[in-house]
Student: 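Below you'll find the structure I mean.
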Amino acid sequence: MNARITPAAAKTDLDAFWMPFTANRQFKGQPRLLARAEGMHYWTAEGRQVLDGVAGLWCVNAGHGRREITEAVTKQIGAMDFAPTFQMGHPIAFELANRLAAIAPPGMDRVFFTNSGSESVDTALKIAIAYHRARGQGQRTRLIGRERGYHGVGFGGMSVGGMVNNRKFFASVMLPSVDHLQHTLDIGHNAFSRGLPHWGMHLANDLERLVALHDASTIAAVIVEPIGGSAGVILPPVGYLKRLREICDKHDILLIFDEVITGFGRIGKPFAALEFDVIPDIMTTAKGLTNGAIPMGAVFAQRKIYDAFMQGPENAIELFHGYTYSAHPVACAAALATLDIYEREGLLTRAATLSPEWQEALHSIRGTPNVIDIRNFGLIGAVDLEPRAGKPGARGFEVFLKCFEKGVLIRVTGDIVALSPPLIIESKQIAQIVETLAGAIRETA
Ligand code: PXG
């Protein structure tokens with residue numbers, strides 16, 4: 001526990017850690033240190049309670065400090081701390097894959113383990129390209145992402161991603177054969193939509209434009225987040241994902257859903273593919289898989305994808321890909337305990353029950369000065385703020401700091417507030433998040 005490091009501590013205490021996606025100098029001048037977590041709350045290093053409005057980073061779906069996960073991890077690390085999964089195996093890796101296959105969208109019952117969302121994405125992209133080669137279509141190497149998409153920070157995920165700040169420093173070292181669909185956020189048509197926006201299904205036809213430009217025979221896969229998270233909660237218009245699926249089918253292009261955020265109950269079904277009744281060929285997950293307790297990711301593939309690799313001599317390795325820690329036994333134990341909790345407490349569908357109340361509460365912020373859009377689906381929410389003139393992101397960051405001071409942790413990306421609380425949230429906590437946020441927005445008018 002880092003409770004010894006307080007904001008009053010010497011500045012050098014904070015120097016060595018080069019923090020990810022953080023304004024290091026701002027943070028180290030004015031640190032915000034979390035020291036303990038339980039249920040819906042964090043406690044700061046000074047002992048102040050903070051309501052977690054973002055499930056850590058969209059990952060702690062069952063709430064913090066779940067005893068069963070702690071116990072499962074402790075027991076496993078005592079029994080077997082590590083075991084290789086290259087040419088070897090251990091039982092709970094197979095048990096976990098079977099448990100995941102049982103809740104997966106229909107047919108997606110082959111599971112490849114990773115340690116993060118970024119690794120899941122790069123794994124999925126490699127599987128897609130290798131799949132086409134395995135069936136004699138090795139010229140299909142092009143990948144299609146989407147503007148404002150986020151698929152982690154590996155070279156593959158960065159290349160198919162569409163957030164400019166994540167790309168611009170690395171422009172010349174992106175994967176070469178990548179193109180992007182236009183994104184689906186259109187406040188002009190869809191401001192304050194409740195649930196999915198009704199305008200914009202036709203945006204999926206942008207894929208036909210890219211097919212016409214590159215020819216389908218060069219395209220391996222399309223990757224999208226069913227609901228975009230990091231770029232500020234970007235919803236698919238009604239019918240959009242189905243249309244993407246149809247176009248992919250027509251041209252024999254694989255469809256990859258990046259469900260790192262939407263997976264494991266965030267939107268009211270175990271996976272967005274089930275909610276939207278659109279089954280991809282490959283699906284990436286991480287985060288909620290272990291409730292954030294131990295790093296782990298999982299890539300789900302349709303059986304036809306796996307089967308395409310299972311040819312040639314039986315003693316030949318079929319896919320030259322994997323991580324030292326693929327199916328790490330301690331992560332597997334954490335994931336199994338997490339799935340037990342999700343199932344016993346009905347958390348994979350609880351967001352659907354809470355969603356009407358969540359929607360009403362969020363939209364009550366409408367009318368507050370500088371609020372230009374509100375979006376919601378399942379237990380995800382976003383509030384778009386009017387940027388301060390000439391200072392993009394300033395208002396968002398002020399609102400973030402004010403909420404933290406007032407005891408609620410939110411996320412901001414630029415001037416968009418994103419919310420994704422643990423799925424165990426209670427009504428009074430929904431009200432607390434919304435009241436605190438509305439107050440913070442008013443105070444930064
Ligand atoms: N795909 C998606 C859709 C994600 O949201 C990743 C891949 C990468 O996962 P890893 O585990 O490599 O970070 C993500 C991660 C935010 C935020 O505040 C979102 C993520 C990570 C950190 C912050 O929106 N998503």
Side-chain angles (χ1 to χ4, degrees), residues 19-23 52-61 113-125 143 145-163 165-167 183 185 221-236 241 256-264 266-267 271-273 280 282-300 323 325-326 328 331 334-335 375 377-384 393 396-397 399-400 403-404 409-421:
M19 298 173 69
F21 279 114
T22 295
D52 184 1
V54 283
L57 271 181
W58 316 78
C59 50
V60 187
N61 289 0
F113 289 111
T114 72
N115 307 287
S116 66
S118 298
E119 288 182 2
S120 289
V121 166
D122 282 9
T123 297
L125 299 175
L143 300 166
R146 193 167 56 188
E147 294 167 354
R148 302 190 72 160
Y150 184 67
H151 302 291
V153 291
F155 278 92
M158 174 178 76
S159 301
V160 293
M163 291 176 69
N165 284 328
N166 298 347
R167 295 171 55 85
H183 68 75
L185 181 61
V222 172
I223 180 167
V224 293
E225 302 155 89
I227 293 179
S230 291
V233 181
I234 301 189
L235 301 169
L241 293 171
I256 304 171
F257 276 179
D258 185 347
E259 296 228 24
V260 166
I261 279 178
T262 50
F264 300 103
R266 174 59 47 204
I267 65 169
F271 301 99
I282 305 175
M283 183 174 84
T284 55
T285 67
K287 293 191 189 271
L289 169 57
T290 55
N291 205 37
I294 302 280
M296 187 178 222
V299 179
F300 294 69
Y323 303 96
Y325 301 128
S326 285
H328 191 291
R375 299 180 289 282
F377 200 87
L379 262 184
I380 298 181
V383 179
D384 275 30
F397 196 66
V399 167
F400 165 72
C403 283
F404 183 66
L409 184 63
I410 63 169
R411 271 291 286 171
V412 289
T413 171
D415 289 294
I416 305 177
V417 174
L419 299 168
S420 59

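Whatever order the structure lists ligands and atoms in, that order sets their numbers, starting from 1.
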Student: Quick test: of every protein heavy atom, which one is nearest to atom 18 (O) of ligand 1, and how far off is it to 0.1 Å?
Tutor: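 Protein heavy atom at minimum distance: Arg411 NE, 2.4 Å.
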Student: Ser159 side chain to Gly157 main-chain N or O, any donor-acceptor pair under 3.5 Å?
Tutor: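 Side chain of Ser159 to backbone of Gly157, a donor-acceptor pair under 3.5 Å: no, none is there.
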Student: Verify, without hydrogens or angle tests, whether Arg375 (side chain) and Val383 (backbone) share a donor-acceptor contact under 3.5 angstrom.
Tutor: no
Student: CZ of Phe400: more than 12 outside heavy atoms within 6.0 angstrom?
Tutor: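 Yes - once you tally the heavy atoms of other residues, nucleotides and ligands closer than 6.0 Å, there are more than 12.
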Student: For Ala298, is there any backbone N or O sitting under 3.5 Å from a side-chain donor or acceptor partner on Thr285?
Tutor: yes
Student: For ligand 1, does Tyr150 get within less than 4.0 Å through its side chain, its backbone, both, or neither, judged by non-hydrogen atoms?
Tutor: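 The answer is both.
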Student: Keeping the roles fixed (side chain from Glu119, backbone from Thr123), state whether a donor-acceptor pair exists under 3.5 Å.
Tutor: no
Student: How does His151 reach ligand 1, if at all, at less than 4.0 Å between non-hydrogen atoms: by side chain, backbone, both, or neither?
Tutor: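 The backbone, only.
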Student: Closest heavy-atom contact between Ile380 and Trp58?
Tutor: CG2-CZ3, 4.0 Å
Student: For Lys287, which part has a heavy atom under 4.0 Å from ligand 1: side chain, backbone, both, or neither?
Tutor: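 The side chain, only.
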Student: Note the single closest protein heavy atom to atom 16 (C) of ligand 1, along with its residue, its atom name and the distance in Å.
Tutor: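 I find the closest protein heavy atom is Trp58 NE1, 3.1 Å.
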Student: Taking Pro295's backbone N and O only, do any of them form a donor-acceptor pair with Asn115's side chain (distance below 3.5 Å, no angle check)?
Tutor: no
Student: Can you list the atoms of ligand 1 that are under 4.0 Å from a heavy atom of Gly152?
Tutor: 6 (C), 7 (C), 8 (C)
Student: Using heavy-atom distances, let me know which of Val224, Leu57, Thr114, Thr285 sits nearest atom 22 (C) of ligand 1.
Tutor: Leu57
Student: Return yes or no for this condition: an N or O of Ser118 is under 3.5 Å from an N or O of ligand 1.
Tutor: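 Looking only at distances, the answer is yes, because the N/O contact criterion of under 3.5 Å is met.
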Student: How close does the nearest protein non-hydrogen atom get to atom 11 (O) of ligand 1, and which residue and atom is it?
Tutor: Gly117 N, 2.9 Å
Student: When you compare the side chain of Ile227 with that of Ile261, does any pair of heavy atoms fall below 4.5 Å?
Tutor: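 Result no, sub-4.5 Å side-chain heavy-atom pair not found.
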Student: Applying a 4.0 Å heavy-atom criterion (strictly less than), which segment of Ser230 is in contact with ligand 1: side chain, backbone, both, or neither?
Tutor: both
Student: Could you tell me which atoms of ligand 1, counted from 1 in the order shown, lie closer than 4.0 angstrom to a heavy atom of Ser116?
Tutor: 11 (O), 12 (O)
Student: Side-chain donor-acceptor pair under 3.5 Å between Ser120 and Thr114, yes or no?
Tutor: yes
Student: List the atom of Lys287, the atom of Leu57, and the distance in Å for their closest heavy-atom pair.
Tutor: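 Result for this residue pair: NZ-O, 2.9 Å.
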Student: Please confirm whether Asp258 comes within less than 3.5 Å of ligand 1 when only nitrogen or oxygen atoms on both sides are compared.
Tutor: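 Yes: some nitrogen or oxygen of Asp258 is under 3.5 Å from one in ligand 1.
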Student: Tell me the protein heavy atom at minimum distance from atom 5 (O) of ligand 1, and give that distance in Å.
Tutor: Ile261 CD1, 3.2 Å
Student: Before signing off on this row, confirm whether Val260 and ligand 1 have an N or O atom pair separated by under 3.5 Å.
Tutor: no
Student: Using a strict 4.0 Å cut-off to heavy atoms of Glu225, name the atoms of ligand 1 that fall inside it.
Tutor: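 So the atoms of ligand 1 that pass are 3 (C).
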